[in-house]
Structures are given as structure tokens and as C-alpha cells.
Amino acid sequence: MVRLNLLLLVLIVVSALALITSQHQSRKLYSELQVEQAAAKRFEEEIARLQVEQSSWSTPSRIEKVARERLAMRIPEASRIRVLGTEASVAGAPK
Amino acid sequence: MSAAAGMGGGVQLKPVKLAGWRVIVLTLALVLLFGGLAARALYLQGFNTGFLQQKGNSFSKKELAVPAHRGRITDRNGEALAQSTPLFQVFVTPHGMQPSATQFTALAALLDMKESALRRTLDDADGEFLTLKRVPPAVAEKIVALRITGLETQRHYRRHYPDAEVTSHVLGITNYEDAGQEGMELAQNTWLAGKPGMRRVIVDNKRNIIDEAGAGRAPQEGRDLALSIDRKLQHLAFRELKAAVEQHKAKAGGAVVLDVRTGEILALANYPTYDPNQREVVPKDKARNRALTDTFEPGSTLKPFTVAAAMEAGKVTPETVFQTAPGAMTIGSATIHDAHAYGALTVEQVIQKSSNVGAAKMALMLPPETMWQMLSRAGFGSAPKTGFPGEVSGRLRPYKSWRPIEQATMAYGHGISVNLVQLARAYTIFATDGQLKPVSLLKTGGDVAGQPVIREATALAVRRMMEKAVLPGGTAPKAQVRGYRVAGKTGTAHKLEGRGYAAHHYVSSFVGLAPVTNPRIVVAVMIDDPSGGEYYGGSVAAPVFSRITETTLRALNVPNDAPLDNVILPSPEVPPVEEEV
């Protein structure tokens, strides 16, 4: 009887310690998860910010301005265009 | 009892004899004390447990709102037109805040403020709370890390519109909480907004989250929304429209580009406009999406429908001749005028020269019901159903109340009101084999079936007449496009003012399609009250149509159906063909 009780006592102590350890483990893992989730959120926000930036740099009005002013591009005159591949192109070819 | 007895046993180790009454008193006292404790425990555990549990949880358990990120609005190619980024609002309790000197210096630096300025702001504050600034997440994190008591941050979102005033009327705007207020932001709010989630957590005494307590609710993130708008074409339409409104000193203007096959609105521009990124008060008259929420009398752009109705009824062919001399016609007490007395005109020439008398004569050959049906089936009098908040249906009065003069004026677009999108949609019947296509502001899967309205032969015939209108001899040679055959119709109408028409205020419009051999787009342009001298649709709106159409067709890679030197402008000596309004 006494031995059984002692055995049970040992078991209960062991299980209590195991419970505490696993609880501790779980909280530690959870806090790590939190850190990672926060990082994921930050990255998402960073993506959103970068997308806004990309979109702002690529507005058609800016592209057009750069093309015209910095790269000196322009729409070619009709005489310098040759249309290929359609019937109309024959008529459209420069004379 | 047993506890008391055990204690008694301990005491009895020393052979001291106590008086019997003292033993009894002591035992009773002990029993009472323990009994009291037991009762208290029972009370707390048994009867009051809910309340206490709640109290305990309120210290260690917390419910946190997890905000959902609002979805992006993109154009048809996935480029962002509206996007939210988080910002943190920093606020403090000015009098409860006691930062150390180093904390204060660091805070000022992070807020990008001078220390003296921050000090003054804090000292001047008289309220409970003081909102300082909105900062990006990275800065907010550093500010929180300073651990200043009495300082908190709160998450907000800021909506960015990279194309600013170019897309503002279509997109609309969101409010301070990032909820849709106007435009597509409002119409599609449920789709875009998502639902905020909730987390139940356990926190320690420093308010750090240490564990999840029970199931929370995951946030339902907002979804992206793809519009039918093409960013490039939108920009282009806006640029040309803006230039025209400014050049002609007009009050306002609108331009719509429709994809004939899918019914998608590729561009929808309005002017004047506003920058949705500047969130100060937006003036109401600049915020309106006029192309959908305002109506106007279309004027001569309605004539092709009169011709279509007469042809469908079998009353005329393109060669039927109408006598329009002497350039005026009296019905009852009213008189209809033409700009010039043209004499005998074929149906084709009525469209080409935009003769009011010819159109009126044609309309009067038809029973009112037939004409009404034509207009109604072309979508007039019913909203274009784009789902846009505040879109209007225009006015098409029931035919039973039409008097002959009204039927005659309706033939050239007076006494009926439309919005610009509706007008563009109606022209799809001439751009297809006679089908009215449903229009959409959202990207759709592809080709869409329309509602058959007229026969293919009629559609083709009217299209050919409208091509004559843009060639020399017609009202709108300036609508011609290099490398493509186009067809269209001008409109110039007196503006309604009060109960009558204003003498010198006009609405100039042009609606057309291109390329004629296999139409791909319908473009509608409306300029409201041009006051720079010119006001005919052919000289104000047609050039805008031409420029938008040329660039749009090129951007869409539509094969040319005409040589590149096809544009023939009439020589300056030839007086322009003007339409009576």
C-alpha cells in the first residue's frame, strides 16, 4: 500500500513537472510564433508600401514625361511608318 | 474537526493539564475559524465563481481586434490604382506623460519634430488626449519601444491613389476608417473591406502576450478588385479631355471608351477633377462622375437612331430623298431650323450634314410607339447598370404623351436626356451586328452577348452613313483618324436653363466607333458649355475623339484598315459644314 502510494506520488510529481515544462515550451513557442507573425505582417505592409511606390513611379503621365523629355522619344510621322502583314498595309506603305 | 484534534494532540505532547473549559473554548474557536474559512471558500468557489473568473481574466486575458487589410483596386492589367498602407497614429495624455530627457529627445527625433516644437505642443495641449502625428509602422515600433508611459499608438490605414486626379471619379474615395465613401470604393466596399478578426490572448503583468486563450476569429482580408479600366487608356483619355476643356474654356467634360466586344469600359474620364490623396474637403461639383451621374440633351448624336428606326420599320432606305428646303419646317407653333437650306437630301446625307428638318420628317413618318421602342431598346431611359453609385437613367418620356412637335425634336435629340455612358452603350448597336452590349466597370471574362436591337444590314448602313459624316463634306472631318476608318456623329445642343434653352450655352458632343471594317471601340466625348468661341461638336468634341481613338487603337494593337495618309481635311476655303442647334 505504502509502495503504491509512493509510486503514485513519484508519478504525480513527474507529470506535474512535465506539465510545467510543456506549458513553458508552449509559451516559448507561442512567443516565437508571435515574432514571426509580426514579421510576416511587417513584410506584407512592406509589400503594400513598395507596390504603392512602384505604382507611383509607373504612372503613365510620368512615363510619358520621361519618354518625351529625358529620352527625347516621339511618335513617328506617317512617312516613317511601314505597316506589315495586313492588306491595308500595302496601301499604307510609304510611297 | 480532525485538524483541531490533531493540533490538540500536538499540544498534548507536553504533559500540561489544562482546565477542561479552556480546552472546549479553544476547540470551539478553532472549529469556528476553520469553519469560517471553509464557508468563505465555498462562497467564492461555489456561488461567486463566474464573477471572480471574469475579474481574473480581465487582468490576464484580453481580446484584440485584428484589422483586415483593405484590398487593392487594380486596372485590367493588374496595376494598382488604389492601395492601403498602414499608418500609426501617435497620441499622448499630455499631463500624464513624464518622459525622461533621453526619451523625450528620442521621441522628438522619431516624430521628426524639433524638441522645442514638441515641448510647446505638449504644453499648449489642454485636452485629455493629444494626437501627435501619423507615422509609418517602422517608426511606430521604435516609438513604442521607448516605453513612455502615457503614450499610445493606434493603427490606421491610408489609401493611396497613384493616378490621383486621373482616376478619382471612377475609384471614388475612402473615409478616415478606410471604408468606401464614393465611387467604386463604395459600390464594392464589402468585397474590398474584408472583415476584421479577433484574438483572445493571455498577457503578463507587462501586457506582453504570452499565450492564446481559446479560439479567436481570423480576419477575412479584403480582396483585390480588377476594374475594366486600362490605366494607360484612362490617362490618355483624361489628358485629351483636359486639354480640350481648357482650350475651349468649357465648364466640364467627359469621355468614355467602350470595348465593343466585351462591353467593358476601358476609360472613363471627367473634368474638372480632384486629387483624392489630398483629403481636405472635396468640392462636390468636382467629385461627381458626370459621365454617369449627370444627364444632358444629346442633340444630333441621336439622329442615327431615328434613321435606324425608320429603316427597321421599312419606311426608308439610305437612298430615300427628303426635301429639306427651305431649311425650316413649322409644326404647330414651333419651327425647326437647319443651318443651311440644303434642298433635297438622301437619308445618308441627312446624317452626313446633320439636317434637323430631314430627321424630323423621318421621325414623323413613324408611329410614336415605334420610335419610342427603338430608343428604349437602345437603352435610353434606363440606367446603364454599371453598379456605380448614383448613376442615372436619363429621361425618355412615354410615347403616349408625345405631341408631333416633341416627336420631331426628339428625332434630333431634344426633349430626351441621357448620360454619356448610356450614349456610348447605345452606339454599340451600330458597332456590332445590331446588338446592345451590356457595359461593365469591372473586368469581365471576355466577349459578351448583347441584346439584338436592329438588323445587321441596318447597323451596317447606318455605320456607313456615319463614316460619311467624318469625311470632308460631313460635319466632323476633324474626327478622322490616321490609319483607321472611323464613323461617328456630332452633337451640338443648347443647354437647358430653367424651363427653356439657353441662347449661348451649348453641349458639344461626338460619339463614334472604329475601325469601321471591324469595330473594336466606341468613344464618346462630351464638352459642357465651351465658351472659347467654337461650340460645334465637329470642332470641339470631334478632335478629342480623333486623338483618343488613334492612340487607343494603337495601344490595343488593332490592325490598320486604312492607309496612314487617309486623313483628308477640307481646304480652308471651303466653309465648314455646321449643324443647326
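We name chains A, B, ... by the order of the sequence lines, and we start the count at 1 in each one.
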(request) Could you look at B/T517 and say if it's the side chain, the backbone, both or neither that has a heavy atom under 4.5 Å from chain A? (result) neither
(request) Examine whether an atom of B/Q234 lies under 4.5 Å from a heavy atom of chain A, and if so say whether it belongs to the side chain, the backbone or both; otherwise answer neither. (result) neither
(message) Taking B/P162's backbone N and O only, do any of them form a donor-acceptor pair with A/S55's side chain (distance below 3.5 Å, no angle check)?
(response) no
(request) Give, for atom CG of B/D565 and atom OG of A/S79, the distance between the pair rounded to the nearest 0.5 Å. (result) 10.0 Å
(message) To check you understand the geometry: which heavy-atom pair defines the closest contact between B/E79 and A/S58, and what is its length?
(response) OE1-OG, 3.8 Å
(message) Let me confirm one number: the NE2-CZ distance from B/H160 to A/R49, rounded to the nearest 0.5 Å.
(response) 9.5 Å
(message) A quick test of your reading: do over 12 heavy atoms of other residues, nucleotides or ligands sit less than 6.0 Å from NZ of A/K41?
(response) yes
(request) Give a yes or no on whether A/M73 atom CE has more than 12 heavy-atom contacts from other residues, nucleotides or ligands under 6.0 Å away. (result) no
(request) Kindly compute the distance separating OG1 (B/T74) from CD (A/Q51), expressed to the nearest 0.5 Å. (result) 10.5 Å
(message) Please classify the contact between A/Q54 and chain B as side chain, backbone, both or neither, with a heavy-atom cut-off of under 4.5 Å.
(response) neither
(request) Measure the spacing between CZ of A/R62 and NE2 of B/H235 and express it to the nearest 0.5 Å. (result) 12.5 Å
(request) State the NE2-CD distance between B/H69 and A/E44, to the nearest 0.5 angstrom. (result) 7.5 Å
(message) With a 4.5 angstrom heavy-atom cut-off, is it the side chain or the backbone of B/E550 that approaches chain A, or both, or neither?
(response) neither
(request) State the OG1-CG distance between B/T85 and A/L50, to the nearest 0.5 angstrom. (result) 11.0 Å
(message) Taking CG in A/L71 as the centre, count heavy atoms belonging to other residues, nucleotides or ligands within less than 6.0 Å. Is the count above 12?
(response) yes
(message) With a sphere of 6.0 Å drawn around CG of B/D112, does it hold more than 12 non-hydrogen atoms of other residues, nucleotides or ligands?
(response) no
(request) Would you name the heavy atoms of B/R482 and A/E77 that are closest together and state the gap between them? (result) NH1-C, 4.0 Å
(request) Using non-hydrogen atoms and a 4.5 Å limit, figure out which bit of A/K28 sits close to chain B: side chain, backbone, both or neither. (result) neither
(request) Determine whether A/P60 and B/R231 make a side-chain contact, defined as any pair of heavy atoms from C-beta on separated by less than 4.5 Å. (result) yes
